[in-house]
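All remarks here apply to the structure that follows.
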Amino acid sequence: MILKPLHPAITGPLSGQRILVVDDSEEDRMLLSDFLVRQGARLYIGRDGQDGYRKAQTIRPDVILMDIRMPVYDGLTSCRLLKANPITRTIPLIFLSAATAVEERITGLTAGAVDYVTKPFDFEEVRLRLCIHLRSRSHEDLPPSATAAAAAPDIAPGSNTFDVVLFQAARRLMLEKLDQTLSLNALASAVGTNARRLSTAFKNCVGVTVFDFLREERMKEARRLLSDTTLDIGAIALALGYSNTANFSTAFRERFGMPPSQFRR
């Protein structure tokens, strides 16, 4: 099916910009569409997070406005996948949501969004934020191939594209939460897949299990913190998800052949 935009009726400050609006609320979609079309934008519509993720790859819009609480893929899951995909990772994504708690805002921004606007919308605020991020993008974009290479130099050549997307999305989430050990099912759900599919993606991309990969990333960060900071070993252990210093020291010794205290000296 060919995706056609809702064409602008008149020119305006957003004239010609391709904007993908992803929201399961028909009323909110129509309100935004009507306002942005009158600003001269070219509008595309996604009706849930999965629909939005798929259309973003086809359309490659200039910016995405996305709700968070949606069926199939919620906004956070869709955002993680978009930021892990070389085709879509540089597209600015602004969350639009009725969720106002600070923790939810932080989660949304950490997932890769560039901004967060609460519902009900102030349309002038939406317009100004769109202009700011579109202007920033025009100065800062890198070619998708360059960002992909920088983000994942160790991925096996010839890996399936969606394997790479799942691997990158899960990797980013794990690195953000090195102090936590998510279950395989929880991690898979957070990136819109199931445990078996995620395990296959890790095997195909980097040749190890999800938790072997997590262990190695924790050890890399442990080495960096021991070398570059003055944090005590107990604080480093907690920051990397170890319940006590003894467990951390054992893991570090197994990986590097010496305890953390000796490595720091």
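Small disclaimer: the values here were computed from a predicted structure and weren't measured.
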Charged N-O contact under 4.0 Å between Asp24 and Arg29: no
Arg218 with Glu221: basic N within carboxylate O range, under 4.0 Å: no
Using atom types as modelled and distance alone, determine if a side-chain donor or acceptor of Asp74 lies under 3.5 Å from a backbone N or O of Ile68. no
Sequence neighbours left out, what passes side chain to side chain donor-acceptor pair (under 3.5 Å) with [X]? Give chain and number order.
X	answer
Arg215	Asp212
Asp51	Lys55
Ser243	Asn247

Would you check if [X] and [Y] make a side-chain contact, meaning some heavy-atom pair closer than 4.5 Å?
X	Y	answer
Met174	Glu217	no
Asp163	Arg197	yes
Glu216	Lys220	yes

In terms of heavy-atom contacts, Leu20 and Gly46 come closest through CD1-N, 4.0 Å
Does Gln180, at its CD atom, have more than 12 non-hydrogen atoms belonging to other residues, nucleotides or ligands within less than 6.0 Å? yes
Does atom CD of Glu27 have more than 12 heavy-atom neighbours, drawn from other residues, nucleotides or ligands, at distances under 6.0 Å? no
Can you tell me how far the OG1 atom of Thr77 sits from the CG atom of Asp48, to the nearest 0.5 Å? 11.5 Å
Return the CZ to CD distance between Phe252 and Gln262, rounded to the nearest 0.5 Å. 10.0 Å
Can you tell which of Val22, Thr118, Leu32 makes a side-chain contact (heavy atoms from CB on, under 4.5 Å) with Leu96? Leu32
Mind checking whether Phe213 and Phe167 have ring centres under 6.0 Å apart? yes
Is there a path of hydrophobic side-chain contacts, each under 4.5 Å between heavy atoms of I/L/V/M/F/W/Y residues, joining Phe95 to Leu109? no
Among Arg69, Lys119, Arg47, find the residue that satisfies the side chain to side chain donor-acceptor pair (under 3.5 Å) test when tested with Asp23. Lys119
